[in-house]
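Below is one structure; the comments refer to it alone.
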Amino acid sequence: MARANSTTTDKPRTGRALRPQWLARLCRRLASTPRPLVLFLLVAALQSIAWDVALPAFQGPDESGHFAYIQHLAETGHIPSVNSGTASNSTEAQDALIWLNLEPLVGNLSARPAWSSADLSLWHRIEHAMPAGSQSNGNGPNPLAKNPPLYYAAMSIPYRILDWLPLLKRLFLLRLFNALCFLATVALMWMIAGEVFGLVRWKQALATGVVALEPQLAFMSAVINADNLLIAMTTGFLYACLRLVKRGPSMGRVLCASLLAAGAVLTHGRGLVTLPVLLVALVVSWLVHRPALRDTLTRGGAAVGTVLVAFVAYILLGRASGSSALYGGQVAELNGAGFNLRQFLSSIYQFYLPKPASLQPRIGPAYGYRQVFIETFYGTFGSLDVTFKPRTFDALQILSGLGLLGLYTACLMAWRRLLTAWPALLVMLALLLTTMFFLHWVSYHALLGDGGSDPLIVGRYLLPMVGLFGLAITFTVGSLPSRLGPLVASAILALGVLLSLTGLGIAMSDFYA
Amino acid sequence: MPSRPLRPGIPRSALAVAALSALLILIGALVWLVPYLTNARGAISEVPDVTPLASITEFPVPAHQRACTESIGIDPNSRIAQFELRPAAPSKRGGPPVELLLRAPGYRAVVQVPGGYLGGGVALPVTPPKHAVIGSACFINRGHTTVLLDGTTEPRSVSRSATQIAGRPVVGDVALSFSDSVPHSLLSRLGEIFGHASNLTDRLLPAWLIWALAILVALGLPAASVLAFYLALRMDAGGEAGRAGG
């Protein structure tokens with residue numbers, strides 16, 4: 001020790017010693033990050049980059065529309081119009097879609113992008129000949145302009161930084177910024193598992209690994225799509241709510257949960273599901289911790305105020321850009337005519353269970369839990385065209401069924417323990433039920449509105465609840481006999497690795513081979 | 001090195017659990033991924049004009065006239081040209097002979113569908129160019145009756161190719177694709193596949209970097225996952241969780 005001390009005092013101050021304190025603190029924090037989490041973050045980052053390569057430009061779900069929103073906002077400072085305008089995409093993006101065969105490629109497995117060196121040279125000639133303003137003229141109509149602006153505003157910052165790059169390079173690098181949302185989601189899952197299961201590292205690792213190796217989530221992380229921020233926001237919101245009910249409604253925790261709810265609301269219409277959950281979390285936290293009346297009023301006011309400010313900001317911004325209705329009028333449409341409670345409940349029933357003879361057939365196509373909870377949740381990539389084989393989905397359906405049975409059994413066996421953890425459980429149930437009700441509600445109204453053609457519900461809409469997915473698997477596996485749990489966990493992670501690699505392989509083969 | 005005391009509930013050897021995980025991944029890869037990579041399959045070389053998603057449009061080409069599409073990509077593996085055609089009116093003599101003429105600077109190839117066919121898909125062997133080119137394809141009706149070529153007018157499926165029939169521009173494209181003459185495994189085409197992917201990043205990632213990334217993902221994803229779980233078990237076994245913060 002003495003030798004070490006004399007060394008540090010005798011030597012001149014090195015670069016390391018001159019390092020600012022905040023940087024030193026950050027380095028210490030990073031160095032103390034648990035190694036399993038670091039490794040799962042590495043897994044997530046690798047997958048994001050790999051998906052960015054495997055997925056040609058604009059082949060993610062509605063990716064050209066999301067990109068058009070970002071590009072127009074970044075180039076002009078204005079949100080594109082939902083209904084009017086001269087072009088959905090900028091000339092630059094539209095030319096890329098046409099000249100690189102990217103538009104015919106969307107959703108068509110027999111198509112291929114223009115991938116040769118000659119195609120690329122031709123594209124360079126087109127790109128260099130574009131007139132000024134070719135990047136900023138995608139003013140609409142863009143149906144995605146109904147989305148609130150938070151994600152697009154955030155992505156317009158890297159867009160501006162990368163503005164000088166040619167389109168394909170710019171898009172590739174822009175997609176990598178989605179990876180930050182994925183990494184945040186993975187890290188938050190680690191923290192949520194720590195909050196729920198305590199510092200049992202293998203359980204934290206299992207929950208985090210399940211999220212990091214969820215193929216659909218990894219795929220989406222490489223797509224320009226507001227879902228990425230919504231997933232990270234909602235996962236963070238779940239963490240904040242769990243802390244709120246477990247540790248009490250301090251001003252910091254209330255503000256954190258309400259800010260994340262406001263963020264989710266400003267990211268996507270589906271973020272509205274956080275508001276009822278926030279209410280549940282606040283009430284439960286109040287019931288458990290009974291703060292003084294003054295504290296209750298100030299903190300409740302802070303929560304309500306935060307969400308209200310978000311709404312007001314959204315309305316003002318919408319008016320400034322020529323839109324007067326929240327979420328492009330979609331929320332108001334959900335109360336539209338044609339609603340029939342019996343038909344709505346019947347459509348939910350038939351979504352999960354076979355139709356009894358007494359019920360009218362469900363409106364819309366043959367579409368149920370298998371398509372949403374299995375096929376498009378685990379692995380339907382591209383624009384719903386690149387998928388695992390049916391027998392893989394069959395296996396995943398059986399495994400998911402077994403998992404649900406295991407969860408049910410684990411809940412029965414541990415009901416006393418679960419009762420003592422009712423505040424956290426109530427928050428989780430609120431998120432699950434609110435999200436599912438919202439998705440079914442929107443799907444039912446979409447089917448009523450479009451003559452039953454598009455049920456408007458896919459597996460990636462479940463990803464904001466991916467935290468619950470990780471917790472459910474970990475709780476079930478953690479309830480197994482103590483020697484068996486880690487073995488099953490390792491098998492689940494192995495399956496995740498195989499699914500992730502297969503998904504990447506299928507995409508590379510379907511797009512580039 | 002003395003073995004650490006294990007907490008209740010932790011398997012005697014974290015290494016055994018990690019080994020099981022690694023073994024499962026290895027078996028899965030051998031059973032699942034390796035056949036996928038090594039089985040031979042048709043190798044598409046270019047799809048200048050795609051077959052439509054929903055409805056097929058038939059483009060009539062009168063006798064002695066031609067349908068030409070510009071700006072089509074043809075590469076050195078384009079050894080088979082595929083398209084669909086049928087006679088406009090059923091007859092005992094079948095459809096008229098149709099010639100496919102491929103042209104690009106420094107490249108020309110001609111191949112003919114003999115007359116007498118009933119209709120459907122054709123796959124014609126063509127001489128590919130020495131390097132990837134952008135050129136044109138003309139379907140020349142050498143017979144005395146009208147032939148119908150399948151294609152698309154779907155806005156979402158229409159490509160960059162400008163199409164003319166009998167010298168007049170038409171909306172839509174005649175569906176045309178090229179493939180290699182023999183099936184190949186994905187494994188044997190990895191270099192070509194990564195080259196395509198590189199071009200679609202505007203060579204921001206050169207093909208060698210995609211090779212490196214692919215190896216890193218194929219080996220790093222399993223290794224990091226197994227190692228993460230192993231370390232977590234070791235941390236539990238060593239009681240680290242009791243000391244360290246979350």
Side-chain angles (χ1 to χ4, degrees), chain A residues 34-36 39-40 42-43 46-47 49-50 53-54 56-57 98-99 101 103-104 106-108 110-120 122 166 168-169 172 191 194 199-202 204-205 209 213 482-483 486-487 489-491 493-494 496-498 500-502 504-505 508-509 512-513, chain B residues 8-11 17-18 20-21 24-25 28-29 32-33 36-37 43-44 46-47 50-51 53 71 73 75 132-134 156-160 186 189 193 196-197 199-205 210 213 216-218 220-222 224-225 227-229 231-233 235-236 240-242 244-246:
Chain A
R35 294 290 177 271
L39 286 165
F40 279 125
L42 181 71
V43 164
L46 269 178
Q47 286 184 92
I49 299 169
V53 174
I98 297 295
W99 284 91
N101 272 358
E103 187 148 290
V106 174
N108 191 343
S110 67
R112 292 294 183 273
W115 56 29
S116 72
S117 51
D119 291 315
L120 186 60
L122 177 64
L168 291 178
K169 289 177 179 166
F172 183 90
M191 294 195 283
L199 297 178
V200 184
R201 296 302 194 187
W202 76 264
Q204 280 185 287
L213 294 166
S482 54
R483 305 274 175 196
L487 291 173
S490 71
L493 292 177
V497 168
L498 289 169
S500 299
L501 291 176
T502 307
L504 281 164
M508 284 298 284
S509 144
Y512 296 121
Chain B
I10 299 300
V17 177
L20 172 74
S21 193
L24 287 174
I25 293 171
W32 205 353
L33 297 178
Y36 185 76
L37 286 172
I44 294 170
E46 283 271 6
V47 184
V50 71
T51 47
L53 269 174
S71 303
D75 84 0
V133 293
I134 303 293
R156 61 176 296 176
S157 300
V158 171
S159 72
R160 68 188 182 201
L186 286 176
R189 294 182 66 207
I193 291 168
H196 295 159
N199 285 340
L200 264 292
T201 68
D202 206 352
R203 296 195 186 131
L204 179 69
L205 266 62
I210 297 180
L213 180 66
L216 196 60
V217 168
L221 217 62
S225 303
L227 185 61
F229 197 62
L231 287 177
L233 285 169
M235 287 162 90
D236 283 336
E240 180 276 343

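The chains referred to below are lettered A, B, ... by the order of the sequence lines, with proteins before strands, and numbering in each begins at 1. Small disclaimer: the values here were computed from a predicted structure and weren't measured.
When heavy atoms are compared at a cutoff of 4.5 Å, L216(B) approaches chain A by way of both its backbone and its side chain. Contact annotation for L186(B): only side-chain heavy atoms (C-beta onward) come within less than 4.5 Å of a heavy atom of chain A. Looking at I98(A), the atoms closer than 4.5 Å to chain B (heavy atoms on both sides) sit in the backbone and in the side chain alike. Looking at L205(B), only its side chain comes within 4.5 Å of chain A, counting heavy atoms on both sides. Only the side chain of L122(A) comes within contact range of chain B, judged by heavy atoms closer than 4.5 Å. Both the backbone and the side chain of D119(A) come within contact range of chain B, judged by heavy atoms closer than 4.5 Å. Only the backbone of V133(B) comes within contact range of chain A, judged by heavy atoms closer than 4.5 Å. Heavy atoms closer than 4.5 Å to chain A are found nowhere in A18(B), neither backbone nor side chain. Proximity to chain A (any heavy atom under 4.5 Å) is restricted, for R189(B), to the side chain, taken from C-beta onward. For a residue to count as touching a neighbouring chain, one of its non-hydrogen atoms must lie under 4.5 Å from one of that chain's; by this rule A197(B) touches chain A with backbone and side chain alike. Heavy atoms of V50(B) lying under 4.5 Å from chain A belong exclusively to its side chain.
Comparing T51(B), D75(B), I210(B) by how many heavy-atom pairs each has under 4.5 Å with chain A, the most go to T51(B). Put simply, of P113(A), P56(A), A118(A), P166(A), the one with the most heavy-atom pairs under 4.5 Å next to chain B is A118(A). Note on L24(B), L231(B), L227(B), L221(B): by heavy-atom pairs under 4.5 Å with chain A, the leading option is L221(B). The choice from V106(A), L501(A), V53(A), N108(A) that makes the most heavy-atom pairs within less than 4.5 Å of chain B is N108(A). When each of A114(A), A494(A), G209(A) is checked for heavy-atom pairs under 4.5 Å with chain B, A494(A) comes out on top. Contacts with chain A were tallied for T201(B), L204(B), L37(B), L20(B); L204(B) has the most, counting heavy-atom pairs under 4.5 Å. Heavy-atom pairs under 4.5 Å with chain B peak, among A205(A), S110(A), G194(A), A54(A), at S110(A).
Nearest heavy atom pair, residue S117(A) against residue A132(B), reads OG-CB, 4.0 Å. The minimum heavy-atom distance linking I193(B) with A513(A) is given by the pair CD1-CB, 3.7 Å.
Here the straight-line distance linking atom OG of S159(B) with atom CH2 of W99(A) works out to 9.5 Å at 0.5 Å rounding. Between the CZ atom in R156(B) and the CG atom in L53(B) there is a gap of 4.5 Å [rounded to 0.5 Å]. The line from CH2 of W32(B) to CG of L498(A) is 6.0 Å long, rounded to the nearest 0.5 Å.
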Worksheet item: side chain to side chain contact (heavy atoms under 4.5 Å, CB included) between L120(A) and W115(A): does it pass, once the steps are laid out?
Response: CA-CA 7 Å; L120(A) 186 60; W115(A) 56 29; over 6 Å; no

Fill in: Full working for side chain to side chain contact (heavy atoms under 4.5 Å, CB included) between V217(B) and Q47(A)
CA-CA 7 Å; V217(B) 168; Q47(A) 286 184 92; 5.9 Å; no

Practice prompt. Given side-chain hydrogen bond (donor to acceptor under 3.5 Å, both in side chains), test S509(A) with Y36(B) step by step and report yes or no.
Written response: CA-CA 10 Å; S509(A) 144; Y36(B) 185 76; 3.2 Å; yes

Discussion item. Working note: L213(A) + V43(A), criterion side chain to side chain contact (heavy atoms under 4.5 Å, CB included); need CA distance, chi angles, decisive distance, verdict.
Written reply: CA-CA 8 Å; L213(A) 294 166; V43(A) 164; 3.7 Å; yes

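Of the possible donor and acceptor atoms, one in the side chain of D236(B) sits under 3.5 Å from a partner among the backbone N and O of W202(A).
Partners of I49(A) under the side chain to side chain contact (heavy atoms under 4.5 Å, CB included) rule, at least two apart in sequence or in another chain, are L176(A), L213(B).
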